[in-house]
Structures are given as C-alpha cells and as structure tokens.
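Scroll down for the structure; my scribbles are underneath it.
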There are 2 protein chains.
Amino acid sequence: MSRLLKQQQALLPAPAHELAAQMAEAGYKVTQPRLAVLRAAVALDKAFTVHELEQWLLQRNESPGIASIFRTVKLLCDLELFQRIHGLEDCHRYSISGGHAHHLICVSCGALKSFDNCGLRDLITTLEQQTGYHINDHVLELFGRCPRCLAV
Amino acid sequence: MSRLLKQQQALLPAPAHELAAQMAEAGYKVTQPRLAVLRAAVALDKAFTVHELEQWLLQRNESPGIASIFRTVKLLCDLELFQRIHGLEDCHRYSISGGHAHHLICVSCGALKSFDNCGLRDLITTLEQQTGYHINDHVLELFGRCPRCLAV
DNA sequence: TTTATATTGAGATATTGTATCAACACTACC
DNA sequence: GGTAGTGTTGATACAATATCTCAATATAAA
C-alpha cells in the first residue's frame, strides 16, 4: 500500500504535496484520508467549510468518514497549516494558512487573499500604554468584494 | 405586574437600565427574562458565554428558559447592544457592545476593554490598491493579559 | 514477519444554537 | 371591566459543528 501512496503523492499539485511533506516532518503519517482532505482544500481554493470539503470528496467517491475530515482539519490547524477564518456571520470556515495570519475575504464568492503585514504595531503599543495589558496575539479579518464580483 | 416591573427597573444598575431603555426605544418589551439577561451581562463584567449568563442566573433562581436567553442575546446582538467576540479558541462569547467594534481581551480572566479607533484606514487603502477588492468591513480582536493577571 | 503504534470509521455524545407551538401576558379597543 | 390582537415565554424538537469511544485496520520499526 505504501507504494500506492507514493504514486499518488507524486501526482499531487504542488501545494498539497508540500503540506503533506510538512505533516510528515511533524511526525504524522500521510494517509489516504489526510491526503484527500489536503487535495480538497487546495482544489476549493477559497475559505472552505468542513461540509464543503466533504461534498467535494463525496462527488469524487473518495470521502473519508466525516470524523476523519474534522480530525484532519483540526490537526492541520494545530500544525498551523490550516487556519480558522473569523467571518462576519459565523466562524466555521478554514483556509490553507501559508504561515500568514490575516485574510481579505470576498463576502460574495468566498475568494481569499492572505497577508502578513497587518500594520498593527503602533495600535498595539498605544493600547498597551493606555490599558496596562500585555498584548501578544490578535485576530484580523477584512471583508469586501473581489474584483470579479465587483465587475458583475 | 407592570408596577412590579417598574419597581425593579428603578433598582437596576445604570448600564442595564440604559440597555433596557434602548430595547424599549427599538420597540421591544422590557420583560423580566430580558431584564435578567441584561443584569447578568452587566454583572459578569467581561466577555461572557450564554452558559455563563445561565449559571449566574441559576445561582439567583431567576433564570429564564435557555431558549429565552439565546433569543435575548440574539436580539441584543441584532440591536447592536451586544456583540459577538471572535476568540482565539472559539467564537461563543459576547460582550456589551457600547457601540464599539473592537476588543482587547485578557486570555486569563476574560476582562475586556473596548475601543473604536482601530487605525486600519491606511492598511485598508493599501490592500484595496494591491488587490482590487473593495473592503467594507472587518473583524479585529486583540488578546493578552490584563494588569491584574500580569501581577499574579 | 512480528510487534507496537497511529489512524480510521461508525456511532454516540457534546455544544451551540434555531424552530415550533401551545400557554401566557400585555395593549388597545369597545 | 371584558375581549381581541400581538408579542413573549418555556419546553421540546431539531439542526449544525465538532469531539469522544472503541473495535478494526493500516503503517512503521524491529
């Protein structure tokens, strides 16, 4: 079976392949169900829900049990390869993290841009001085409409 | 019953009283269950969960049905008197909004500071130019430790 | 190949809500 | 003061997201 696995990995689009490699590096096995989730996430190419992953995989008759999809998403979040998206309506979407912390999301189609330079340093310094808090983390998500949806 | 209601309102701490007034202004009845939720939220004085509201009220034997607590929280969110908090671990906390959009939250005790000037205008302008998106909303939450928890 | 460990899938369970609907409580009108 | 209409409540059912349990299976290491 491990030969089959290697064959499939070789056929993966680069991003899923890279994510799988990072999973392996972290000491986790790159199994078929986990690969399937990675492929789905890469293919969807937007902020996705677990349900959307499952639907994508069901259409291709390669869906693992829903528990395994949830487990894989959680594992990838813990490894900081996936990231939870904080939406305006709900917080049940995830994205491939790419090491970036923040997102710009199209409320119309779900298209997503990641960026890391959030320019909050001054605000954080000011707030620390004003409040006496020691700030060490933050959530920042921006919402709007992407060029394609604006053109429609 | 309406005499009793007025008597109790007069005993409220100011913030709950004000929130109740705004509910009334918006055309909603200020009932005992709704007042109870307001009192609990004010008393907790931090980012709270619906479960925490219920516990606070149960301890005082004045808890409405859980459905009414959820309904009241939702109503107050719709009226922008409460606001959902986007936490690092989950997004099931709420705060009294005070019209401000952003929060600084102590991860240790849940203490909460609100502020409105988030200084994101430059970032938003830059991102709009870089991406072609039209940005019209955002979520920003900051996390750290409050002075009291830092002192422990 | 054998052994030990990690992972899976199915189903039960938990958590956070929302929908339904009969009973109740106000309000306005007569 | 009664009555009708509306808003609200509480109990329960239901839904969506997610985790737990545990036997069966897959994988890796010896």
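Residue numbers begin at 1 in each chain, while the letters A, B, ... track the order of the sequences.
- Regarding Glu54(A), its CD atom lies at a distance of 13 Å from the C1' atom of dG9(C), rounded to whole Å.
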Let me see the working for Arg39(B) and Arg60(B) under side chain to side chain contact (heavy atoms under 4.5 Å, CB included), right down to the final yes or no.
CA-CA 11 Å; Arg39(B) 262 183 279 118; Arg60(B) 284 153 191 81; over 6 Å; no
Please evaluate residues Leu81(A) and Met23(A) with respect to the criterion side chain to side chain contact (heavy atoms under 4.5 Å, CB included), reporting the C-alpha separation (whole Å), side-chain torsions for both, the decisive distance (0.1 Å), and the verdict.
CA-CA 9 Å; Leu81(A) 300 175; Met23(A) 272 183 74; 4.2 Å; yes
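- We find that CG of Asp78(A) is positioned 13 Å from C1' of dT19(D), with the value rounded to whole Å.
- The nucleotide whose nearest atom lies closest to any side-chain atom of Phe70(B) is, among dT18(C), dT17(D), dT19(D), dT18(C).
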Review item, nucleotides 9-12 of chain D N/O atoms under 3.5 Å of protein N/O:
unit_1  : atom_1 : unit_2   : atom_2 : d
dT9(D)  : OP1    : Thr31(B) : OG1    : 2.5
dG10(D) : OP2    : Gly65(B) : N      : 3.2
dG10(D) : OP2    : Ser68(B) : OG     : 3.1
dG10(D) : N7     : Arg71(B) : NH2    : 2.5
dG10(D) : O6     : Arg71(B) : NH1    : 3.2

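- Dashed line: the shortest gap from a side-chain N or O of Tyr94(A) to OP1 or OP2 of dA18(D) is under 4.0 Å.
- If you check every strand for non-hydrogen atoms under 4.0 Å, Arg84(B) touches sugar and phosphate atoms only.
- Between Met23(A) atom CE and dA6(C) atom C1' the separation is 11 Å, expressed in whole Å.
- In this structure, CD of Glu89(A) is placed 14 Å from P of dG17(C), rounded to the nearest angstrom.
- Taking atom CD1 of residue Ile69(B) and atom P of nucleotide dT8(D), one finds them 17 Å apart after rounding to whole Å.
- To the nearest 0.5 Å, atoms CG (Leu79(B)) and CD (Glu25(B)) are separated by 11.0 Å.
- Ile85(B) belongs to a hydrophobic cluster whose remaining members, ordered by chain and number, are Ile85(A), Leu88(A), Ile105(A), Val107(A), Leu112(A), Val139(A), Phe143(A), Leu88(B), Ile105(B), Val107(B), Leu112(B), Val139(B), Phe143(B); membership requires side-chain heavy atoms of ILVMFWY residues under 4.5 Å apart, directly or through intermediates.
- Counting heavy atoms from C-beta outward, Arg84(A) and Ser95(A) have side chains that stay 4.5 Å or more apart.
- Taking the side chain as every heavy atom from C-beta outward, Leu75(A) and Tyr28(A) approach each other to under 4.5 Å.
- Scored by the side-chain contact (heavy atoms from CB on, under 4.5 Å) test, Lys29(A) finds Thr31(A), Arg34(A) as partners (sequence neighbours excluded).
- For the pair Lys74(A) NZ and dT17(D) C1', the interatomic distance rounds to 13 Å; values are reported in whole Å.
- Counting to the nearest Å, the C1' atom of dA18(D) and the CD atom of Glu52(A) are 16 Å from each other.
- The side chain of His92(B) contributes an N or O atom lying less than 4.0 Å from OP1 or OP2 of dG17(C).
- If you measure from atom OH of Tyr28(A) to atom P of dA6(C), you get 10 Å, rounded to the nearest angstrom.
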